[in-house]
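Below is one structure; the comments refer to it alone.
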Amino acid sequence: MAERNLAQALTLALDHILASDPGVLLLGEDVGVTGGVFRITDGLQDKHGADRVIDTPVAESGIVGAAFGMAVAGLRPIAEIQFLGFAYPAYDQMVSHVSRIRNRSRHRFTAPLVIRIPYGAGIGAAEHHSESTEAIFAHTPGLKVVIPSTPADAAGLLLTAAADPDPVIFLEPIRSYRRMRGEVPDPPKPVPFGEAAVRRVGSDLTLIAYGAMVPDVLDAAEHLAGAGIEAEVLDLRTLVPLDIDAVIGSVARTGRAAIIQEGHRTCGFAAELAATIQEEALYSLEAPVARVTGWDTVVPLRRAEHHYVPGVERIVAAAESVMAGS
Amino acid sequence: MAERNLAQALTLALDHILASDPGVLLLGEDVGVTGGVFRITDGLQDKHGADRVIDTPVAESGIVGAAFGMAVAGLRPIAEIQFLGFAYPAYDQMVSHVSRIRNRSRHRFTAPLVIRIPYGAGIGAAEHHSESTEAIFAHTPGLKVVIPSTPADAAGLLLTAAADPDPVIFLEPIRSYRRMRGEVPDPPKPVPFGEAAVRRVGSDLTLIAYGAMVPDVLDAAEHLAGAGIEAEVLDLRTLVPLDIDAVIGSVARTGRAAIIQEGHRTCGFAAELAATIQEEALYSLEAPVARVTGWDTVVPLRRAEHHYVPGVERIVAAAESVMAGS
Amino acid sequence: MLEILRPDGSLDGDSPISLAETRRLYAAMISARTYDHKGTALQKQGRLATYASFEGQEAAQVGAVASLQPDDWVVATYRDAAAMWMQGYPWVNLFLGRTGDERGGSPPEGVNVLPPSITVGAHMIHAVGIGWAERHQRSDRIAMTFFGDGATSEGDFHEAMNFAGVFQTPVVFVCQNNQYAISTPRHRQTASETIAQKADAYGIPGRQVDGNDLLAVRSASDEAVARARDGDGPTLIEAVTFRVGAHTTADDPGRYRDRAEEDEWRGRDPIDRVRRYLEGAGEWTAEWQLELEEEAAAEIEAAIAEAEALDPLEAADLFAGMFATPTVQLERQRTMLGGGSHG
Amino acid sequence: MLEILRPDGSLDGDSPISLAETRRLYAAMISARTYDHKGTALQKQGRLATYASFEGQEAAQVGAVASLQPDDWVVATYRDAAAMWMQGYPWVNLFLGRTGDERGGSPPEGVNVLPPSITVGAHMIHAVGIGWAERHQRSDRIAMTFFGDGATSEGDFHEAMNFAGVFQTPVVFVCQNNQYAISTPRHRQTASETIAQKADAYGIPGRQVDGNDLLAVRSASDEAVARARDGDGPTLIEAVTFRVGAHTTADDPGRYRDRAEEDEWRGRDPIDRVRRYLEGAGEWTAEWQLELEEEAAAEIEAAIAEAEALDPLEAADLFAGMFATPTVQLERQRTMLGGGSHG
Ligand SMILES: Cc1ncc(C[n+]2csc(CCOP(=O)(O)OP(=O)(O)O)c2C)c(N)n1
Ligand SMILES: Cc1ncc(C[n+]2csc(CCOP(=O)(O)OP(=O)(O)O)c2C)c(N)n1
Ligand SMILES: [Mg+2]
Ligand SMILES: [Mg+2]
């Protein structure tokens with residue numbers, strides 16, 4: 001099996017998806033001729049045609065709205081938004097139409113589309129290029145929310161997303177695009193939604209994360225192991241649907257948990273997880289569930305970005321304080 | 001002091017705000033000639049002029065974006081969005097610009113504007129007219145989020161919002177507009193941000209709510225009192241800033257809490273509160289903090305709406321189950 | 001502005017359709033108005049949520065949809081019941097929606113009409129995507145979308161028109177310029193002289209027609225539909241008309257316009273105009289009119305009865321509507337329904 | 001398309017400005033290009049984050065802003081450093097922003113230039129609101145906003161133009177149609193023949209000018225600024241130009257366009273053209289050129305040194321930037337910074 005980075009895994013998956021289903025179309029800004037700003041769609045227009053890999057005008061609401069119409073009429077569009085910070089102009093289309101047509105029409109019309117969006121900080125980019133606002137999608141009924149952390153998962157979850165009968169927000173961790181390589185089967189193997197992955201087994205506490213934070217959490221876990229603390233690391237992979245059983249099961253065993261999330265703290269997905277854990281496993285908890293999160297600040301620009309993104313140090317410190325039970 | 005309903009209290013406050021600060025402008029769809037779909041701005045154009053109470057084209061992003069520009073250039077615009085379900089087209093302006101200009105310019109430019117938005121279900125309106133997505137604003141750094149529950153608070157918080165140096169999302173509970181009357185001083189008395197109100201004193205458990213849910217929670221508390229359970233009822237009034245001390249203080253005393261929120265469950269504000277309470281008061285908790293929320297469904301239309309909005313029955317049941325410590 | 005049928009019922013030029021077809025469309029307009037009056041009446045009785053009357057706009061809606069094939073798409077708004085019904089969306093669904101029941105949004109299979117868009121502006125690009133998909137799938141179905149003068153101010157109108165122009169999708173944009181967006185008059189909505197001229201910004205042909213003139217509307221839509229179907233791209237039609245009634249049953253037009261303006265437009269009633277024309281051609285009789293009205297009334301009453309006979313959705317139905325297979329979160333929440341536990 | 005200064009440096013009609021003023025603007029273009037080349041170079045050395053070159057667009061930016069009064073507003077984008085600097089935004093702030101430092105967004109008091117907009121489209125309506133506010137406050141300041149051809153596809157462009165038309169706000173819209181939005185060529189961005197004609201959809205005058213012709217740009221912007229200042233409303237100027245370099249330092253234009261196209265446009269360089277004109281008028285010498293370049297280089301080096309001398313923001317600064325007074329939530333979070341507790 002070939003080793004690929006996460007970006008290459010996505011390209012591979014898209015190539016397979018396009019080849020196996022003639023109803024799939026890719027559309028977005030610069031996805032065609034130039035292969036996307038992260039080159040995820042590189043070569044796909046040449047291979048599958050300009051009527052299937054489509055450069056659009058600069059108009060995010062138009063991209064999502066057109067993709068919605070295509071999906072309603074029987075195609076399976078995969079739209080790309082260039083960065084999560086540029087998805088907000090399309091938020092109305094997502095909330096008001098994409099997520100709702102099935103319910104509005106009691107299953108008569110559906111919108112099986114995927115919206116791929118690079119997200120997250122850590123590459124010192126300009127403002128709006130570093131957002132982690134997955135929570136606003138998780139809060140929107142009718143959207144599935146997927147965030148892979150490894151190359152194989154990226155490909156496998158994308159395959160599942162493309163075949164899903166409902167709309168999927170597919171968030172791609174920018175700083176993981178080329179951070180590590182991993183084995184990716186060719187063709188990729190679908191990864192089911194709603195199944196968290198145990199990335200590390202441990203009995204002292206549970207560290208819960210997803211997407212771009214997972215590699216850092218694994219580093220932190222190694223660090224903790226050096227200090228005699230064995231952390232279990234859960235990678236959620238999909239926020240909606242959520243593998244609640246895996247979360248509760250692990251915390252019930254370890255009695256302690258920290259959730260690591262890059263997004264802003266207030267009403268982030270970590271809040272949802274902490275609330276759920278105390279609801280379902282309060283009597284197992286030996287210490288408060290800790291949240292290690294980005295702050296309620298704008299993500300800083302390059303020179304101060306490191307103050308925002310939770311790093312290994314903050315994760316380790318939080319884990320230690322959870323172990324101390326304070 | 002005259003008794004007024006919440007809608008009238010808002011009109012009174014706007015009238016005073018317009019009269020006392022010539023830099024204040026109201027703008028929005030139908031706010032002028034016809035006084036707004038809920039008549040909150042009724043009579044204000046006649047009194048203060050068509051250049052200060054302005055009917056705009058149907059374009060929410062334009063309304064918020066123009067108001068932003070006005071605020072940057074020294075005015076104090078108060079924009080109205082007709083219903084929260086129509087605020088999403090303006091979400092990008094709010095997230096990307098309104099909330100950020102102060103930080104982006106290190107205080108050199110600021111956007112002291114208020115965005116008034118009727119929210120919530122319970123009047124059997126059409127789709128998109130019943131949203132409670134306050135969480136997406138609370139999750140956005142740089143916005144203050146205010147939700148009054150009483151006529152006096154509505155007027156007083158609006159005064160404070162209009163004088164605030166930073167942008168304020170001001171959510172008005174539609175089903176409370178004319179639900180009850182209360183004394184409202186004329187001129188209204190400013191109500192500070194970040195101070196929760198204790199609406200009912202009790203020692204058995206803490207019920208936490210805001211906006212349209214408060215009257216129902218108070219009804220539920222009466223109900224519970226009948227069964228010998230004395231609930232403390234906290235009305236948050238502002239979500240950002242949040243009176244964390246009041247929340248933690250009350251829960252530390254009672255040892256039990258339920259949070260009542262009309263918005264969707266996942267990543268709602270109740271999740272934030274539950275997460276915070278277990279972080280800061282875990283060892284005081286005698287039972288899990290319960291969340292009584294709207295579901296992760298679209299708010300249903302009139303005939304099934306009552307299945308969505310938490311009613312007295314669900315609040316009471318949740319409180320009883322918290323008391324049972326299960 | 002294209003006009004064919006004069007207010008007095010005489011023709012200025014040739015009719016694009018036969019007298020038989022005109023009779024068919026006349027009958028459709030009678031049905032539509034019967035539905036509309038009933039809607040307003042039922043709302044007053046509390047049997048519907050709000051209702052949005054389209055009285056005065058029947059020619060624009062019926063005339064435009066009459067150019068379509070039965071399997072073409074219609075993507076319209078809360079005020080376009082006549083257009084939707086013309087394309088096969090049953091009255092019962094329209095009533096059901098108005099009672100506040102999601103099942104109103106589910107027309108029979110084969111009816112390619114989306115549930116009405118309540119948000120202003122967002123739906124036009126859906127029609128663009130739909131037309132695009134049909135062409136991609138080598139079908140010759142096209143999409144027609146309806147919207148108001150107010151909707152042209154939303155950014156989504158612009159993005160829809162621009163995409164349609166760039167990708168030459170088979171779409172017909174029908175703007176019913178009914179002079180108001182709630183209380184805001186047309187001249188405060190945009191400073192352009194006409195709405196039709198906005199098409200020029202997108203390299204799209206734009207056509208202004210008298211929207212109260214069934215034949216003018218039909219002529220323009222025949223042409224636009226043919227263009228779309230032949231692969232010659234989109235068209236914008238501005239049908240100049242008037243909302244004779246209130247914006248919705250929650251609105252009081254007395255607050256923002258004169259009775260005189262309403263009366264003037266009532267005098268240009270689109271149905272009366274066709275009646276005069278048919279009468280002049282010996283194709284209208286009072287008996288036929290009675291027959292049409294009775295048939296329409298019966299049809300509408302039956303639809304109301306059918307809608308009102310339905311039991312409301314259950315709580316569990318809410319959860320079942322969201323996805324093909326409910327998520328873990330929804331499953332958990334459904335179990336909270338039963339007991340009060342934590343729900 | 002308005003053209004005054006021919007590529008060979010001869011005039012087609014009268015110059016709107018004196019030779020002295022032309023020399024001033026020529027010097028400004030030299031400064032701007034010096035900054036621009038330095039920006040690209042510094043980024044390659046890793047001293048800036050990404051950098052967006054405006055080479056080839058100096059005439060459009062310098063010419064338009066030259067029509068403004070010093071206290072007028074400029075609301076521009078990531079590619080408009082020359083325009084911003086012309087209106088008083090210091091080079092040091094522009095560099096600082098590019099290093100990834102929020103303090104770049106804070107020009108001195110009295111400079112009415114907003115930090116560059118990174119989002120495409122949203123900022124034009126800000127200029128509308130600003131102009132509106134100035135008029136409301138009885139000031140005669142106006143606002144000028146810069147944006148690209150790609151930005152005209154965003155819904156916010158439409159809403160901004162429409163508001164400006166309806167409320168007749170004192171705004172000048174300057175579209176630098178540089179033929180590309182990243183990789184997307186102008187003809188795939190919109191099917192309208194020109195961008196200037198889009199103004200007609202809003203009842204606004206639109207004017208297409210040769211954007212590489214300093215005098216044509218200046219002439220059109222003088223007129224538009226006067227209109228705005230006199231209360232006669234907004235204008236759209238389309239400056240037809242070309243981005244000679246890459247979209248940003250992260251972009252490779254070889255993927256989407258021919259070298260020949262770039263070379264052709266390099267031949268129309270806006271600075272060369274003015275040089276030929278001034279030379280022909282006896283107002284340019286090689287010594288002066290050298291002087292200008294040396295002065296510009298010194299100025300730019302000083303700005304870089306100043307920017308790079310600044311220590312980065314501290315973590316606490318992040319919290320301090322969000323509100324006039326930090327919220328309870330932010331205060332708590334700031335305390336988490338110190339210890340690791342729960343943070
Ligand atoms: C995005 C959005 N904003 C605001 C509203 C509230 N609203 C409902 S109808 C309407 C006016 C629309 O006017 P127009 O497009 O002319 O259509 P008409 O009602 O006249 O048929 C408004 C502002 C809405 N439904 N959606
Ligand atoms: C809302 C938004 N969408 C997408 C982007 C990514 N992006 C940055 S520049 C650009 C192209 C803009 O082209 P144009 O308006 O012609 O300006 P130019 O870069 O050519 O000066 C795009 C798509 C963005 N910054 N903002
Ligand atoms: Mg209208
Ligand atoms: Mg460009």
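A note on names: the letters A, B, ... follow the listed sequences, proteins ahead of strands, and every chain is numbered from 1.
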In the structure I gave you, are the side-chain heavy atoms of [X] and [Y] within less than 4.5 Å of one another anywhere?
| X | Y | result |
| --- | --- | --- |
| C:Trp73 | A:Val72 | yes |
| C:Phe319 | A:Pro141 | no |
| A:Phe68 | C:Ile130 | no |
| C:His136 | A:Arg52 | yes |
| A:Phe109 | C:Pro107 | yes |

key: Step-by-step side-chain contact (heavy atoms from CB on, under 4.5 Å) determination, A:Arg104 to C:Ser106   = CA-CA 8 Å; A:Arg104 181 182 295 153; C:Ser106 183; over 6 Å; no
Identify which of [options] forms the greatest number of heavy-atom pairs closer than 4.5 Å to chain A.
| options | answer |
| --- | --- |
| C:Asp156, C:Val128, C:Asn112 | C:Asp156 |
| C:Thr327, C:Ile118, C:Leu318 | C:Thr327 |
| C:Asn162, C:Val75, C:Leu330, C:Thr119 | C:Thr119 |
| C:Gly104, C:Gly105, C:Gly321 | C:Gly321 |
| C:Glu159, C:Arg141, C:His126 | C:His126 |

With a 4.5 angstrom heavy-atom cut-off, which part of [X] approaches chain C: side chain, backbone, both or neither?
| X | answer |
| --- | --- |
| A:Ser96 | side chain |
| A:Leu239 | backbone |
| A:Glu272 | neither |
| A:Pro22 | backbone |
| A:Asp51 | both |
| A:Ile54 | side chain |

| task | Specify which of A:Leu75, A:Asp243, A:Thr110 makes the most heavy-atom pairs with chain C at under 4.5 Å. | result |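 Of the options given, most contacts go to A:Leu75.
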Subject >> Selection from A:Ile63, A:Thr276, A:Leu27, A:Asp164 maximising heavy-atom pairs under 4.5 Å formed with chain C >> reply: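 Looking at each option in turn, the highest pair count goes to A:Ile63.
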Any side-chain to backbone donor/acceptor pair from [X] onto [Y]? Under 3.5 Å, distance only.
| X | Y | answer |
| --- | --- | --- |
| A:Arg108 | C:Pro108 | yes |
| C:Gln137 | A:Ala73 | yes |
| C:Gln329 | A:Leu242 | yes |
| A:Gln93 | C:Ala122 | yes |

#### Entry: Closest contact, heavy atoms only, C:Phe163 versus A:Ala66
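Result for this residue pair: CD2-CB, 4.2 Å.
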For [X], which atoms come within 4.5 Å of any heavy atom of chain A: side chain, backbone, both, or neither?
| X | answer |
| --- | --- |
| C:Asp317 | both |
| C:Val171 | neither |
| C:Glu109 | both |
| C:Ser139 | neither |
| C:Ala160 | neither |

Does CD belonging to C:Glu314 count more than 12 external heavy atoms closer than 6.0 Å?
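At most 12 heavy atoms, drawn from other residues, nucleotides or ligands, come within 6.0 Å of this atom.
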Look up atom OG in A:Ser61 and atom CD in C:Glu154, then write down how far apart they are to the nearest 0.5 Å.
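A:Ser61 atom OG to C:Glu154 atom CD measures 9.5 Å (nearest 0.5 Å).
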Roughly how far, to the nearest 0.5 Å, is the CZ atom of A:Arg102 from the CZ atom of C:Phe323?
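One gets 9.0 Å once the value is rounded to the nearest 0.5 Å.
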Check the pair C:Met322, A:Asp166 against side-chain contact (heavy atoms from CB on, under 4.5 Å), reporting the backbone distance first and the verdict last. CA-CA 9 Å; C:Met322 294 306 299; A:Asp166 283 296; over 6 Å; no
- State whether C:Arg332 and A:Asp245 are salt-bridged, where the test is any N-O pair (Lys NZ or Arg NE/NH1/NH2 against Asp/Glu carboxylate O) under 4.0 Å.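 Answer for the salt bridge query: yes.
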For A:Asp15, side-chain contact (heavy atoms from CB on, under 4.5 Å) partners two or more places apart
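Testing A:Asp15 for side-chain contact (heavy atoms from CB on, under 4.5 Å), a comparison that skips the adjacent residues, returns A:Leu44, A:Lys47, A:His48.
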